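Below is one structure, written out as structure tokens, with a few remarks after it.
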Amino acid sequence: MYSRTLSFLIILFVFFTFTACNNDNYKVQSFQNYLQTHKYAIGQTNFTFLDSLRNRPLKTEIWYPTKDTTKFNVTNEYPFKLPPTSKDAEPIAKKSPLILLSHGTGGNRISQMWLACELASNGFIVAAVDHYGNTLDNKIPENFVKVWDRPLDISYALDNLLNASEFSSIIDSTRIGMAGFSLGGYTTIALAGGVLNYELLKEFSNTEEGKVEFDLPELGDVSKLITPEIIKLGNKEYRYLKDNRISAFIAMAPAIGQGFNEKSQFEKVNKSVLIIGAQNDERTPVNTNAKHYSELLDGSKYIELRGQVGHYIFMNEAKNRLKRNAPIVFKDDKSVNRDEIHKEVSTMIIEFFNNELNKNSQ
């Protein structure tokens, strides 16, 4: 019943995601007011890159620092509480660090736009892809377990961004970071050099805890999709997915932690990794995921958000209409203020990236 109910709510979320909530009382902040508390305004644009070898179109949203506030405010189109963004605005005329962003399973490229905006307003360029076949509006069952495609998506998008005339001149290729949520958290760890064991993942899916974690809102139980063929491909053809161009990594409520049980699976990780868990995470419990990763990954830093903070705290804060229609994803415990948590987490993340990426520029 839980999965069916949440699937219905996710369908509603899809319907409302790109529909303006005109009857909501929330007032979009003006560019002028936003600039009173932030260094830069936020530009926003998008591309679609086509990876022809894997037959994967990669819709990519990009946010970046700008001083141009004359363009259309993209935020008006979203049912989320977000700062104003200026469509196709002129970027600031200097090189900026790049942060790549990976959404959770069944999410999309704007799911963590709250974080993208904070990063952009503090001088970072941020790029987030739609992981084809694993998004809200594009569900291909096999793509929910072929998780090697996600790190490959990020690396392919990075190839294109560094070669795109629009951004190659303003991206500082010596300062590239990566952040991801849920399955995007695993994506982050894979790009850092973590090596997933698909056999372990299959074994875990047969346990009581595993049955809960593999019962996805979008598709139900996906453990049956982890076939011998998938295990063979994942463990051999797509074993190593590290991208050496990325220098700092953040995993928020990372998933599929039980595909790791030995420190040797992280022996190729040689850059800084920050793992952020939520104490009351109901989808990817910290004991089998965030905390588990941190215990195996020597040198990583672990932060746990305490109290009744759940898995979906890392999603955008919804306007009232969407919050009413999808409460499991967008309504938090009464003791939790999503906006305040976002401010706390974004401060941690900005400090981490500034510290780690600036090491490379010295």
Side-chain angles (χ1 to χ4, degrees), residues 17-18 20-22 24-47 59-101 103 108-129 157 161-162 164-173 175-179 250 314-319 338-354 357-358 361:
T17 295
F18 294 104
C21 296
N22 295 326
D24 200 291
N25 291 326
Y26 177 76
K27 300 296 184 185
V28 176
Q29 194 174 14
S30 70
F31 287 113
Q32 289 71 25
N33 286 340
Y34 188 72
L35 284 169
Q36 291 178 10
T37 55
H38 292 79
K39 187 174 182 180
Y40 297 107
I42 305 158
Q44 183 172 350
T45 192
N46 56 71
F47 298 89
K59 296 179 182 177
T60 305
E61 204 76 18
I62 302 173
W63 298 268
Y64 50 92
T66 184
K67 295 181 179 179
D68 180 1
T69 59
T70 64
K71 304 294 193 282
F72 174 74
N73 176 17
V74 181
T75 302
N76 288 326
E77 299 181 347
Y78 300 145
F80 304 118
K81 296 180 179 180
L82 294 164
T85 64
S86 190
K87 183 174 175 58
D88 298 330
E90 187 73 20
I92 59 172
K94 71 173 185 176
K95 285 185 177 288
S96 301
L98 171 67
I99 307 300
L100 301 155
L101 196 57
H103 64 75
N108 65 21
R109 64 192 185 279
I110 68 164
S111 293
Q112 281 70 56
M113 187 170 164
W114 63 273
L115 177 57
C117 287
E118 281 301 307
L119 286 164
S121 67
N122 279 276
F124 295 85
I125 298 169
V126 183
V129 304
L161 286 167
L162 293 179
S165 59
E166 298 90 336
F167 282 93
S168 60
S169 63
I170 61 169
I171 291 174
D172 184 345
S173 61
R175 292 189 291 162
I176 300 175
M178 172 75 204
I250 297 176
F314 298 100
M315 297 286 283
N316 292 323
E317 183 177 7
K319 295 178 184 176
R338 188 171 295 203
D339 179 57
E340 289 301 317
I341 296 291
H342 284 178
K343 289 177 182 176
E344 176 186 348
V345 171
S346 60
T347 298
M348 294 177 197
I349 288 175
I350 290 167
E351 180 180 4
F352 175 82
F353 280 138
N354 275 331
L357 297 181
N358 286 337
S361 62

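Because the structure is predicted, anything quoted here is derived from the model rather than measured.
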Closest heavy-atom pair, Val74 versus Lys87, reported as atoms and distance to 0.1 Å, is CG2-CB, 3.5 Å

Could you tell me the separation between the CG atom of Asn76 and the CG atom of Leu82, rounded to the nearest 0.5 Å?
-> 11.0 Å

Would a 4.5 Å heavy-atom cut-off, applied to side chains only, mark Leu161 and Ile125 as touching?
-> no

Working to the nearest 0.5 Å, report the span between CG of Asp172 and NZ of Lys94.
-> 10.5 Å

Using the test side-chain contact (heavy atoms from CB on, under 4.5 Å), find all partners of Ser86 that sit at least two apart in sequence or belong to another chain.
-> Phe31, Lys71, Ala89

Smallest separation among heavy atoms of Ser96 and Gly123, with atom names = CB-O, 3.3 Å

Do Phe124 and Leu357 come within less than 4.5 Å of each other through their side chains, counting heavy atoms only?
-> yes

Can you check whether Asn122 reaches Phe353 side chain to side chain, under 4.5 Å on heavy atoms?
-> no

Can you name the nearest heavy-atom pair linking Leu101 to Met178, along with the distance?
-> C-CE, 4.5 Å

Straight-line distance of Ile349 CD1 to Ile250 CD1, nearest 0.5 Å | 4.5 Å

Non-hydrogen atoms of Asn73 and Pro84 that approach each other most closely | OD1-CA, 3.3 Å

For Glu90 against Tyr64, the heavy-atom pair lying closest together | C-CE1, 4.3 Å

Can you tell me how far the OG1 atom of Thr69 sits from the CD atom of Gln32, to the nearest 0.5 Å?
-> 5.5 Å

Modelled atom types, side-chain donor and acceptor of Ser121 and Tyr34, under 3.5 Å = yes

Measure from the side-chain N and O atoms of His38 to the backbone N and O of Asn33, and report whether any donor-acceptor pair falls under 3.5 Å.
-> no

Distance (rounded to the nearest 0.5 Å) between Leu115 CG and Ile99 CD1 | 9.0 Å

Indicate yes or no: does Arg338 engage Glu317 in a salt bridge with an N to O separation below 4.0 Å.
-> no

Could you tell me which non-hydrogen atom of Phe80 sits nearest to which non-hydrogen atom of Ala318, and how far apart they are?
-> CD2-CA, 4.1 Å

How about Asn358 and Arg175: do any of their side-chain heavy atoms sit closer than 4.5 Å?
-> yes

Lys81 side, atom NZ; His342 side, atom NE2 - distance, nearest 0.5 Å = 11.5 Å

Assess the side chains of Asp68 and Thr66: does a donor N or O sit below 3.5 Å from an acceptor N or O?
-> no

Side-chain heavy-atom pair Leu119, Trp63 within 4.5 angstrom cut-off = no

Evaluate the side-chain contact (heavy atoms from CB on, under 4.5 Å) criterion for residues Arg109 and Thr60: first the C-alpha distance (whole Å), next the side-chain angles of each, then the deciding distance (0.1 Å), finally the verdict.
-> CA-CA 7 Å; Arg109 64 192 185 279; Thr60 305; 6.0 Å; no

Where the side chain of Asn316 meets the backbone of Ile110, is there a donor-acceptor pair that is under 3.5 Å apart?
-> yes

NZ of Lys95: more than 12 outside heavy atoms within 6.0 angstrom?
-> yes

Would you say the side chain of Pro97 lies within less than 4.5 Å of the side chain of Ile171, judging by non-hydrogen atoms?
-> no

Determine whether Met113 and Thr85 make a side-chain contact, defined as any pair of heavy atoms from C-beta on separated by less than 4.5 Å.
-> yes

Mark yes or no for whether Gln112, through its side chain, and Phe314, through its backbone, hold a donor-acceptor pair below 3.5 Å.
-> yes

Side-chain touch Glu340/Glu344, heavy atoms, less than 4.5 angstrom | no

